[in-house]
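What follows is one structure encoded as structure tokens, with my remarks underneath.
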Amino acid sequence: MPVDKLHKKALKSLISTLKFIRMSPNKLLAITLVLLTSNAFSQKKQTVDLDWKIGKQEKLSYLTMMTNIDTSSINLNLGSLNKLFSDSTKVGLAQVKSIFKKINESLNSVDLVTTLSNKGSGIIDIAVVANLNKNTQLSLDTLDEVKKEMITRLQTMNQGVVLRGSVYQKGGIHSFWVKSNQKNLISVFFELPTKPVKIGDTWELDINLISNDQNFNCDSSYKVNEVKLIDIKKVNNENIAVVKYNIVEYVKGVFYAPARSNNQGEKIETTMMFMHQAIAEFSIEKGRWISYDGLMTLVSSGVITANQKTKLTLLKV
């Protein structure tokens with residue numbers, strides 16, 4: 001009986017297999033390397049969607065930590081405007097610094113918890129709630145009643161919801177109406193790419209860290225706004241996207257202090273640079289951050305002198 005096409009195909013496959021088995025070790029190694037390289041190349045070309053996947057009844061919460069990690073202080077240099085805050089005596093300046101220190105302590109005594117929920121229609125709601133950390137006790141005995149009341153009110157104001165916003169399930173900022181500094185926080189932590197990405201792809205955030213008014217005349221500036229998918233790894237049968245943030249904003253120019261009735265104002269040479277670097281891991285299947293660790297740095301001189309580093313972290317609650 002003649003051999004049909006199916007038998008011919010099976011025979012060819014058997015012959016190929018036998019030839020492969022009889023190959024030298026060097027040829028087998030070469031073929032194996034080609035197959036592995038092809039597989040790695042295909043993974044790099046694979047596109048993935050980084051979308052939020054939060055159930056309609058689900059509440060996804062993160063402990064949101066924004067902690068200063070150095071002891072640098074911020075000093076205002078507004079020339080004659082400093083007199084609006086206190087007198088020029090050492091006693092007066094010491095009192096102001098003491099109040100600022102207590103205010104910073106009150107702010108550091110607040111825990112932030114961010115909760116994401118599915119609003120429907122492809123929108124993810126974001127609410128940041130502040131709770132006074134009962135483990136932190138402030139020493140207010142050395143202050144008078146007016147200053148005590150001011151700090152106590154500040155602590156009370158910083159409890160409850162301190163930020164509301166929203167992002168699209170597909171990634172972009174939805175709450176365009178919030179204040180710039182609040183939108184920056186939403187963008188840094190929760191904005192995702194709005195289209196499928198592959199390893200090596202970059203995208204930008206809807207962010208603006210530096211904001212000046214008409215009193216600042218800019219001489220030079222530059223900006224880097226890049227978020228990059230640097231890897232996709234497999235962890236416990238789960239695909240994890242590794243994302244790197246590199247945000248830099250820099251300006252240099254002259255700040256014209258507003259003139260008062262008894263002078264013509266001042267010109268203050270000013271530079272300011274904000275940087276945000278972070279590495280974060282996002283579960284492609286579950287649609288949420290697994291980890292997020294960043295460092296935001298402010299270096300400035302002139303109208304504001306600062307050298308401050310803030311650690312930004314998301315911890316799943």
Side-chain angles (χ1 to χ4, degrees), residues 52 54 58-74 100-119 123-138 140 150-168 171 173-192 205-209 211 227 243 245 247 274-283 286-298 306 308-317:
W52 292 106
I54 301 174
E58 183 182 4
K59 301 290 184 182
L60 175 62
S61 296
Y62 292 97
L63 181 63
T64 308
M65 303 174 67
M66 293 179 283
T67 309
N68 292 337
I69 62 172
D70 63 7
T71 57
S72 300
S73 60
I74 296 179
F100 279 3
K101 181 180 179 180
K102 298 297 182 182
I103 291 174
N104 288 335
E105 288 177 357
S106 70
L107 293 177
N108 288 333
S109 65
V110 171
D111 287 335
L112 298 175
V113 176
T114 302
T115 300
L116 287 74
S117 57
N118 191 332
K119 190 178 181 179
I123 297 170
I124 302 298
D125 260 352
I126 298 170
V128 181
V129 178
N131 299 299
L132 186 64
N133 188 338
K134 295 180 181 179
N135 294 325
T136 303
Q137 299 295 329
L138 302 181
L140 305 180
M150 181 184 70
I151 292 174
T152 301
R153 286 183 178 180
L154 180 62
Q155 289 177 324
T156 303
M157 289 170 59
N158 276 283
Q159 297 185 68
V161 178
V162 295
L163 184 153
R164 293 185 192 275
S166 51
V167 293
Y168 289 105
I173 297 288
H174 172 258
S175 54
F176 62 88
W177 55 85
V178 299
K179 291 182 178 180
S180 178
N181 59 343
Q182 293 186 329
K183 189 175 76 169
N184 288 339
L185 284 176
I186 294 171
S187 177
V188 161
F189 280 124
F190 303 111
E191 185 178 1
L192 297 173
L205 296 182
D206 185 1
I207 191 172
N208 191 40
L209 295 172
S211 178
V227 189
V243 180
Y245 291 74
I247 310 295
F274 260 109
M275 295 179 291
H276 175 65
Q277 281 84 31
I279 294 291
E281 296 186 350
F282 189 88
S283 171
K286 295 181 179 178
R288 61 200 61 196
W289 290 122
I290 301 301
S291 66
Y292 187 108
D293 287 294
L295 182 66
M296 186 169 286
T297 303
L298 167 62
Q308 178 178 312
K309 292 179 174 60
T310 304
K311 184 73 169 62
L312 305 181
T313 305
L314 291 176
L315 296 175
K316 181 73 170 61
V317 177

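Computed from a prediction, not measured in an experiment: that's the story for all the values here.
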Minimal non-hydrogen separation, [X] against [Y], with atom names:
| X | Y | result |
| --- | --- | --- |
| Ala278 | Gly294 | CB-CA, 3.5 Å |
| Ile54 | Asn118 | O-ND2, 2.8 Å |
| Trp52 | Tyr168 | CD1-O, 3.8 Å |
| Ser166 | Trp177 | OG-CH2, 4.2 Å |

Handout entry: His276: partners by ring-ring contact (aromatic ring centres under 6.0 Å, His included), with sequence neighbours left out
Key = Tyr245
Practice task
Please list, chain by chain and in numerical order, all residues satisfying ring-ring contact (aromatic ring centres under 6.0 Å, His included) with Phe189, sequence neighbours excluded.
Solution key: Tyr292
So, taking the atom named [atom1] in [X] and the one named [atom2] in [Y], what distance separates them when rounded to the nearest 0.5 Å?
| X | Y | atom1 | atom2 | answer |
| --- | --- | --- | --- | --- |
| Leu312 | Asp293 | CG | CG | 9.5 Å |
| Met296 | Lys311 | CE | NZ | 12.0 Å |
| Leu205 | Ile247 | CG | CD1 | 4.5 Å |
| Thr114 | Leu163 | OG1 | CG | 7.5 Å |
| Ile290 | Leu314 | CD1 | CG | 11.5 Å |
| Thr67 | Leu112 | OG1 | CG | 9.0 Å |

Problem - pair Leu192-Trp289: side-chain heavy atoms closer than 4.5 Å - result: yes
Problem - Side-chain touch Ile124/Phe190, heavy atoms, less than 4.5 angstrom - result: no
Practice task
Report the residues that fulfil side-chain contact (heavy atoms from CB on, under 4.5 Å) with Leu63, sequence neighbours left out, ordered by chain and then residue number.
Solution key: Met65, Val113, Leu315, Val317
Exercise for the section: Mind running side chain to side chain contact (heavy atoms under 4.5 Å, CB included) on Lys309 and Leu295 for me, showing each step along the way? Expected result: CA-CA 7 Å; Lys309 292 179 174 60; Leu295 182 66; 4.0 Å; yes
Fill in the blank from the handout: Here the side-chain hydrogen bond (donor to acceptor under 3.5 Å, both in side chains) pairs for residues 178-188, sequence neighbours left out, are Lys183-Asp206, Ser187-Glu191
Residues that [X] engages under side-chain hydrogen bond (donor to acceptor under 3.5 Å, both in side chains), provided they are two or more places apart:
| X | result |
| --- | --- |
| Thr115 | Ser61 |
| Ser283 | Glu238 |
| Ser291 | none |

Practice task
Give a yes or no on this: more than 12 heavy atoms of other residues, nucleotides or ligands lie within 6.0 Å of atom NZ of Lys316.
Solution key: yes
